[in-house]
Amino acid sequence: MIRFIFVQNRQGKTRLEKWFGSYSDQEKQKLKAEVHRTVASRDQKHQSNFVEFHNNRIVYRRYAGLFFCFCIDTNDNELAYLEAIHLFVEVLDAYHGNVCELDLVFNFYLVYAVLDEMILAGEIQETSRSVILSRLEHLNNLE
Amino acid sequence: MKGLTVFIADLRKCRSHEDEEKRVNKELANIRTKFKEPSINGYNRKKYVCKLLYMSLLGYDVNFGHREAVELVDSTKYSEKQVGYLAVSLLMDDESEYLRSVVRALRRDIHDGSEWIVCLALNAISNIGSREMAEVLTSDIVVQLLSPAASMFIKKKAALCLLRLLRRFPESVKAHQWVGRIAPYLGHRDIGVTQSVASLMTALAQQYPEETRKAASFAMRRLKSLVIDNEYTLDYVYYKVPAPWLQIKLLRLLQYYPAPESSEARATLLSILRHIIDLSQDVPRELQQMNAQYSILFEAINLGIHLDIDQGLMQECAVLLGRFITSRETNVRYLGLETMAHLAAYIDRLDSIKAYQGVIVQSLRDRDISVRRRALDLLYSMCDVGSAKAIVSELLRHMAMADVALREEMALKVAILTEKFATEYGWYVDVMMRLVSLAGDHMGDEVWHRIVQVILGNEELQVYACKISLQTLKAPVCHESAFKVSAYVLGEFGHLIANAADSAPIDQLKALQSKMTSTSQSARAVALTTVGKFINLFPEIKTLCLRVLDRYRGALDAELQQRACEYYALGTLEGEELLPTVFEEMPPFPERQSALMSRLLKREADTEDQRTWVYGGREMNRERRGVTSGAASNDSREAVAESSAMPVPATGLNDASPGSPAASKKGAQEALPVEPPTDPSVAKSMRNYARLLWENDGILFDGEEIQVGIVAQYKPPSGRLGVFLGNRATAPLYNISITARAADGSQLTIQPAAGQEAEQPETLMPLAQARMFFDIQCQQVFTAAPTLHIGYTVAGCAPTVSELQLPVTVGHFMDPVTISVADFFARWKQLGDSGIAESQHVLPSAFLTKDAAGLEWLRSVIGGMGFALIHGADPEPNNIVGVGIATTQAGRFGCLVRVEPKPTHGLTRVTIRATNVEVAQSIGGNVKMVFESR
């Protein structure tokens, strides 16, 4: 299962944090900093998209200046989550029309709504781009 | 919300942290006043709560606004409700006083007429998931999942909601009430629904393997329709790959079930796997497509390894994986190595993996530490007696260059492999001493502790270990951990080499002293104890030893000071008795789970869905699997995790002295000696024996001098029986012999497993344990049980031989089979008509009237005997019916059971019908004995 999802920029500012377990505020701060340090220092070209993190694993991918990181269990399928990241980015892209870091900042509460349509309780809920997007459009039009 | 956008922009413009803080404080004050206004409208409330959320995400402490969040939740507008629930999930913790009102709102919203409101409520439950929600809302969520009126979105969310609550509060969701109704949804036409249900099902499969049995065939059919029949909608095609995430989920779900019995199902599964493997022969250009395809392929290989029904396919996978581990794509190399480690955990012949040993060793130097880790895991898993020396020396060679982050794990693994595969004592000591010198700084104390434990337990090792220890101390540089080991070993066994050249007591003390000054406090503490022991071992250097101790009597460190003072006092005491008593030789370390092993396993066990395999090769996984299949309770699962390196029965024999809680709890079960030699209480022994008729491990015999534990694994028509003999007396037992004999004329062979005979110890120290494995082959149906003969001598007494009846009956060679209800009754009748192969008993069962758990117990007994229980087959709900097949080399015998408990009469009728009369009678007898001894 996914333990948490972060979107962080290269400076280590966290633009999205979604926790699927209970963590104290202190732990959260520590984990965010640690994930940034672990992921940002890795070589994009010659290293894999997976890295050991405590007893779990981080699957991550960099899009422009943003790192999208999923923290998963060591017996989970890494590639499945790597592509889930891509699907998430594609949905954000279509939803915001060429998404950028600022979209995530200014619409932070909407990003959570997007996530709720794709991933719930740390598991993948919906994987069809068109189903997700038409649902989001429908919800947007509600008062 | 313009106000929110402006506020965020303001904060972004702040040059310094102080500016930002000022702006935040201003806004907080503003929001506080606004919230006090009675006329505040919903829009503004939403806006201010959003601002609070933003500040809280920036790390500011926002401790108000909870009431406003709850008010938003109660709003009738979707967007306000949405922000309300978001705020509740982000701002409140499990303790919040407002959660109660939230639960009330959720109860209302979950039955709202608008579908999107229901979805919001389900999202919120998934995100917050408190205990109260689990207790109050579970049944509402189940209703939504199962309701035909609910939309696809509701169903998806309801399934994952349940999953969240099930994982967090398994006792509150009462899953047994609804578990049976979920599996059919795996066949739902909507892929999103199936996806979510499959995640839920995976968790249920681990907790309710019996109740969810049907899920396996549903998953298989769904997989077939996706992979082979191409039944899917285009919405779910991801870069030309149909629903990759669902394929993976289903492939994973199937790994929680054993391979199907029917050859038709097996063929279907194989053709699915074959299809997936064939599809991945050509590598697509596009990254996304390649990843999606590979993610399925790796999961399919995992399933193939788990099913273990086609060695040919496995060899092919090995070749495929061999190609992957040399791939130019780092991700592919990584996954190739990981999956190969899984293969190494199951494959019969390691040759196909060993062919790549060179490449794997190379991967220890990959540019990516993640790949290096997987290479280490694989080397650890593929190691066997033949390759241990080569692999261990490669790992030691890499140790010096390895990353600091990896060194600890490498050291742990080297230590475990060396211990496990050592065939020469010298090699073990040499490797371990090199290991602590190389990696001592990066590993926990467990490693050096373990070395000492192993040396204590193996007499043959001690002289050599002393020699090496002395050499280590005399070398120009000596690592701290190596120093500790050496000091400890010399303190215990220094006298064994005292007559050798340059190893006189005085040489040993000097060597120790020469390094003492340059080591840490904790190492010096170990050394002081050694000096104390030297006073006892070597009276001739007593004065010198006392001089050393005297010097430390004034040490600043309290620990050193205390040790020095106490040992000095002991050494200068008038009487002669106390010193030898205090410094008596340490007893061999009881053979319990190595701390190294538990450390590794603990790390691996930190997953939400249980691992279906562990790193560490075939043997370890066999043992793990063999025991898990029979045990579902948490308690025994832990015992399994702990029994990996050395199979230790969960008897408490090892880790407890007699009379300690563990020993007395388990020791309450007794065994059935054919002629009770030491224990007259036959009833108690009966109970023990009867228990082993439906459980695979436990105590067989518990006497004053010895305790006998049994661990059994059956793969009909063969089996393996582990006999564990513990010495419960205070004196050593000599001339130990453990033998097993099949009854005369019975068609059963029982003989020591390969290489076991040599391992039998002659002597068994108090509290120590000996073990012996027997291989069993059942050629034909047999009626008389084999016997176990345990011989030993206690000093000064005549030799004792105990003869025990072994809990091995034809019923133990039975596997559960699931058949449909209709089939069951057809066969039941058919067998009944023949009239011969039936065994029927009406058994007094007073426990049924007293205890509601009695029925549960009855079910587990019948299940434990190897019958697959068929639920809902019998019109009377209390009745239990089951099916099994007993397998001997000569043939297979179908066996049906029907148990009809009558709690009101305190009686139970048990009927067994089988295709062989002796099988029916034997199993009937077993059930009877279990009843009588309850």
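What you are looking at is a predicted structure, and each value in this text was computed from that prediction instead of being measured. Letters A, B, ... mirror the listed sequences (proteins, then strands); counts begin at 1.
- Side-chain atoms of Ser370(B) and Arg57(A) include no donor-acceptor pair closer than 3.5 Å.
- Ranked by heavy-atom pairs under 4.5 Å with chain A, the list Leu120(B), Val83(B), Leu57(B) is led by Leu57(B).
- Nearest approach of Ala84(A) to Trp245(B), heavy atoms of both residues: N-CZ2, 3.6 Å.
- For Leu160(B), the parts lying near chain A are the backbone and the side chain together; criterion is any non-hydrogen pair under 4.5 Å.
- Of the two parts of Ala9(B), the backbone and the side chain both hold a non-hydrogen atom closer than 4.5 Å to a non-hydrogen atom of chain A.
- With values rounded to the nearest 0.5 angstrom, Ile132(A) atom CD1 is found 10.5 Å from Asp235(B) atom CG.
- Listed options Val237(B), Leu90(B), Leu246(B) were ranked by heavy-atom pairs under 4.5 angstrom with chain A; first place goes to Leu90(B).
- The backbone N or O of Thr330(B) lies less than 3.5 Å from no partner atom in the side chain of Ser48(A), so there is not a single donor-acceptor pair.
- Counting only heavy atoms from C-beta outward, the side chains of Asp368(B) and Arg42(A) approach each other to under 4.5 Å.
- Of the two parts of Leu86(B), only the side chain, counted from C-beta on, holds a non-hydrogen atom closer than 4.5 Å to a non-hydrogen atom of chain A.
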Self-check item: Chi angles and distances behind the salt bridge (charged side-chain N to carboxylate O under 4.0 Å, His left out) call for Arg374(B), Glu52(A)
Solution: CA-CA 10 Å; Arg374(B) 296 290 81 82; Glu52(A) 221 79 359; 3.1 Å; yes
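- Proximity to chain A is absent for every atom of Leu58(B), based on heavy atoms less than 4.5 angstrom apart.
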Practice problem: Could you check Asn123(B) against Glu117(A) for side-chain contact (heavy atoms from CB on, under 4.5 Å), going step by step and ending with a plain yes or no? | Solution: CA-CA 9 Å; Asn123(B) 284 348; Glu117(A) 294 308 312; 4.0 Å; yes
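- Within the 4.5 angstrom heavy-atom criterion, atoms from both the backbone and the side chain of Tyr294(B) approach chain A.
- Separating the OG atom in Ser126(B) from the CG atom in Asp116(A) is a distance of 8.0 Å, to the nearest 0.5 Å.
- Counting heavy-atom pairs under 4.5 Å between each of Gln29(A), Arg129(A), Arg135(A), Met1(A) and chain B puts Arg135(A) at the top.
- A donor-acceptor pair shorter than 3.5 Å cannot be found between the side chains of Lys249(B) and Asn77(A).
- Here the closest heavy-atom approach between residue Ser196(B) and residue Ile124(A) is recorded as OG-O, 4.4 Å.
- Proximity to chain B (any heavy atom under 4.5 Å) is restricted, for Glu17(A), to the side chain, taken from C-beta onward.
- Interface check for chain A: of the options Glu80(B), Lys81(B), Met152(B), Glu338(B), the most heavy-atom pairs under 4.5 Å are formed by Glu338(B).
- Side-chain contact between Val105(A) and Arg12(B) is present, with heavy atoms from C-beta onward closer than 4.5 Å.
- Residue with the most contacts toward chain B among Ser130(A), Ala80(A), Ser22(A), Gly21(A): Ala80(A) (heavy-atom pairs, distance under 4.5 Å).
- Using a 4.5 Å cut-off between heavy atoms, Asn56(A) touches chain B through its side chain atoms alone.
- Using a 4.5 Å heavy-atom threshold, the side chains of Thr74(A) and Arg611(B) count as touching.
- One finds no salt bridge joining Glu126(A) and Lys157(B) here, because no Lys/Arg side-chain nitrogen approaches an Asp/Glu carboxylate oxygen to under 4.0 Å.
- Among the candidates His54(A), Lys28(A), Lys18(A), the residue making the largest number of heavy-atom pairs closer than 4.5 Å to chain B is Lys18(A).
- Note on ring orientation: taking the six-membered ring where Trp is involved, the planes of Phe108(A) and Tyr54(B) are tilted (angle from 30° to 60°).
- With contacts defined as side-chain heavy-atom distances shorter than 4.5 Å, the pair Tyr109(A)/Met1(B) qualifies.
- In this structure the side chain of Arg3(A) reaches within 4.5 angstrom of the side chain of Glu608(B), judged on heavy atoms.
- Both the backbone and the side chain of Gln288(B) have a heavy atom closer than 4.5 Å to some heavy atom of chain A.
- Top candidate by heavy-atom pairs under 4.5 Å with chain A, chosen from Arg164(B), Arg167(B), Lys602(B), Glu604(B), is Arg167(B).
- Looking at Asn331(B), its side chain does come within 3.5 Å of a backbone N or O of Asn49(A) through a donor-acceptor pair.
- Only the side chain of Tyr112(A) comes within contact range of chain B, judged by heavy atoms closer than 4.5 Å.
- Contacts of Ile72(A) with chain B are absent, with no heavy-atom separation under 4.5 Å from either backbone or side chain.
- Contact of Arg168(B) with chain A is made through the side chain alone, with heavy-atom distances under 4.5 Å.
- Of the two parts of Asp606(B), the backbone and the side chain both hold a non-hydrogen atom closer than 4.5 Å to a non-hydrogen atom of chain A.
- A heavy-atom distance below 4.5 Å is not found between the side chains of Leu163(B) and Leu120(A).
- Contact of Thr14(A) with chain B is not made at all, since no heavy-atom distance falls under 4.5 Å.
- Put simply, the side chain of Ser199(B) never gets that close to the backbone of Glu123(A): no donor and acceptor are under 3.5 Å apart.
- Classified by interplanar angle (parallel below 30°, tilted 30° to 60°, perpendicular above 60°), the ring pair His138(A)/Trp116(B) is perpendicular.
- More than 12 heavy atoms of other residues, nucleotides or ligands lie within 6.0 Å of CD in Gln44(A), so this atom counts as buried by the packing criterion.
- With contacts defined as side-chain heavy-atom distances shorter than 4.5 Å, the pair Val131(A)/Ile191(B) does not qualify.
- No part of Arg372(B) comes within reach of chain A, as not one of its non-hydrogen atoms sits under 4.5 angstrom from that chain.
- For Arg373(B), the part lying under 4.5 angstrom from a heavy atom of chain A is the side chain only.
- Only the side chain of Tyr615(B) comes within contact range of chain A, with heavy atoms under 4.5 Å apart.
- Taking chain B as the reference chain and counting heavy-atom pairs below 4.5 Å, the highest number among Asp25(A), Leu139(A), Asp73(A), Asn75(A) is found for Asn75(A).
- For a residue to count as touching a neighbouring chain, one of its non-hydrogen atoms must lie under 4.5 Å from one of that chain's; by this rule Leu200(B) does not touch chain A.
- The line from CD of Gln125(A) to CG of Leu122(B) is 9.5 Å long, rounded to the nearest 0.5 Å.
- Under the 4.5 Å side-chain criterion, counting only non-hydrogen atoms from C-beta, Tyr238(B) is not in contact with Thr127(A).
- For the atom pair CG (Leu87(A)) and OH (Tyr239(B)), the distance works out to 9.0 Å, reported to the nearest 0.5 Å.
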